[in-house]
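Since the structure comes first, as structure tokens, the remarks are kept for the end.
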Amino acid sequence: MRRVSQLFQPLITIPKNAKIKNTEITCKSQKHLLECGLVRPTSSGLFILLPLAQRSLKKLENITTTCIERTGAQRLALPKLTSAGLWEKTGRIEIGPELLKVEDRHGKKYLLAPTHEESIADLLADVGPLSYKQLPLLLYQIGEKYRDEHRPKHGVLRSREFVMLDAYGAHAAAACALQVYESVTVAYRRIFDILELPVHRVEAPTGDMGGSLSHEWQLKADVGEDSIDICPSCSHASLAGAEGERCKNCGTDMDTFNSIEVGHTFILGTKYSEALNANFVPNNGTAEPILMSCYGIGLTRLLAASLEALSDEKSMRWPKAIAPYSLIIIGPKEGSKEWQSHGWDKIAKLYDSITNIPNLMNDVLVDDRHNMTIGKRLMMAERMGYPTIVVCGKSILDSPPTYEIHDLTGTDVVTHSFTLDQLLQFLERNNDEYLKIRL
């Protein structure tokens with residue numbers, strides 16, 4: 001049984017305009033994650049992800065892995081230290097001061113990679129030349145990336161170490177690259193649909209990455225450092241100002257919103273494969289550079305961005321799929337009449353009944369701090385944003401006993417009163433609907 005009293009969740013109270021370990025509190029997600037004991041700063045732009053944040057991040061990783069592997073992608077793990085020589089060959093070593101560079105005892109230079117196009121091209125060159133029959137190939141990883149941000153801000157929204165999905169495609173022809181690109185686009189949409197987040201895919205410049213095609217995936221948020229235009233009529237979106245004031249699809253005036261980039265996709269062409277001799281052999285037998293594509297989703301950023309988009313100033317609201325726990329049970333206060341009727345044994349039986357429901361087995365938490373009032377524990381649970389809160393309150397003395405259910409999955413908190421059978425039916429029905437979304 002998972003109990004609140006056993007969680008490592010160091011709560012803190014941050015006075016207004018205060019700084020915690022050189023971290024300015026600049027947005028809702030940062031404030032909630034710090035105060036509710038999900039992250040802890042160590043220095044500027046660096047954070048410890050505490051157990052509840054890790055649970056959410058693991059759920060997000062599992063969703064991302066499931067969706068990306070439907071495209072045929074295969075997982076690998078590349079070293080975080082990348083030879084600086086590879087970046088010199090592609091001309092990206094001078095990308096700017098954001099690269100974290102190190103040198104070993106032999107004087108060999110490395111960098112902590114913010115992305116791995118060079119490493120993938122070097123790998124394909126090392127095992128190649130590949131046959132055209134081996135293409136297309138899509139490889140991905142999920143792991144830490146590093147960026148020496150000039151001014152880290154907004155907590156894990158813009159930090160110096162972050163967790164990212166990065167995937168890399170190898171193709172024999174432009175049509176093949178575009179086909180894989182569209183299949184990954186479908187996977188991206190699936191991820192954001194599962195999270196029930198209105199993320200917009202917008203055309204974007206290729207910038208320092210290079211290539212022929214690029215799209216950013218932007219989520220509306222007040223604190224966002226980017227801006228997008230959205231048509232109120234047909235929902236078409238673009239980077240702010242990229243298409244003028246009117247929607248190119250229907251002619252309606254566009255509305256402008258702040259947004260957070262949570263993903264990016266590119267068709268890179270041969271920029272990296274040519275520089276690093278990553279070739280394939282077509283059916284005519286003459287080696288050619290591999291056409292490459294790449295795809296990224298900042299998972300720690302997406303976690304914080306979802307909170308930024310859904311939460312208010314007082315409490316967190318999670319996408320149901322990545323809440324640290326899907327449901328929390330709040331029992332009566334110890335010594336009360338309700339406790340005499342519905343004490344620890346019955347709470348344990350309730351827990352067992354709920355965790356028999358598929359997908360809730362390891363996702364239920366019990367607030368066992370029975371020395372505290374129900375009201376105080378309910379307030380804390382609502383601030384944490386657990387999607388479903390089951391309260392064993394005064395109505396537990398009714399015949400038959402009923403439970404108070406607080407449903408936080410919508411815009412407003414919805415309260416129900418259910419008998420045990422009705423409660424289990426409600427949870428099973430919601431779980432079935434959730435599983436349909438995941439399929």
> Is a donor on one side and an acceptor on the other found under 3.5 Å between the side chain of Asp166 and the backbone of Thr115?
Replying inline: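 Not a single qualifying donor-acceptor pair exists.
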> Is there a donor-acceptor contact under 3.5 Å from the side chain of Gln141 to the main chain of Leu78?
Replying inline: yes
> Do the side-chain N and O atoms of Glu216 and His200 include a donor-acceptor pair separated by under 3.5 angstrom?
Replying inline: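 No pair is found: no donor N or O on one side chain lies under 3.5 Å from an acceptor on the other.
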>> Pairing donors with acceptors under 3.5 angstrom, does anything connect the side chains of His116 and Glu118?
In response: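 Note: His116 and Glu118 side chains miss the donor-acceptor criterion.
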Residues in side-chain contact (heavy atoms from CB on, under 4.5 Å) contact with [X], at least two apart in sequence or another chain:
X      : value
Leu213 : Leu178, Tyr181, His215, Ile267
Ser341 : Leu397
Gln9   : Leu7, Leu11, Leu52, Met384

> Tell me, which pairs form a side-chain hydrogen bond (donor to acceptor under 3.5 Å, both in side chains) where one or both residues lie in residues 372-381, sequence neighbours left out?
Replying inline: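 Passing the test, one end in residues 372-381: no pairs.
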Extract all donor-acceptor atom pairs below 3.5 Å that involve side chains of residues 227-234 and protein atoms in other chains or at least two apart in sequence.
{"from": "Asp229", "atom 1": "OD1", "to": "Thr256", "atom 2": "OG1", "distance (Å)": "2.6"}
{"from": "Asp229", "atom 1": "OD2", "to": "Gly241", "atom 2": "N", "distance (Å)": "2.8"}

>> If the test is side-chain contact (heavy atoms from CB on, under 4.5 Å), which one of Met164, Arg158, Glu308 qualifies with Arg301?
In response: Arg158
> Residues two or more places apart in sequence or in another chain: which of them pass side-chain hydrogen bond (donor to acceptor under 3.5 Å, both in side chains) with Glu261?
Replying inline: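 If we apply the side-chain hydrogen bond (donor to acceptor under 3.5 Å, both in side chains) test to Glu261, skipping adjacent residues, the hits are His264.
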> For the residue pair His416 and Phe418, does the interplanar ring angle fall in the parallel (under 30°), tilted (30 to 60°) or perpendicular (over 60°) class?
Replying inline: parallel
> Phe192 vs Trp217 aromatic rings, parallel, tilted or perpendicular, using cut-offs 30° and 60°?
Replying inline: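 Phe192 and Trp217: tilted rings.
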> Are the charged groups of Arg317 and Asp312 less than 4.0 angstrom apart, N to O?
Replying inline: no
> What distance separates Leu307 CG from Ser29 OG, expressed to the nearest 0.5 Å?
Replying inline: 6.5 Å
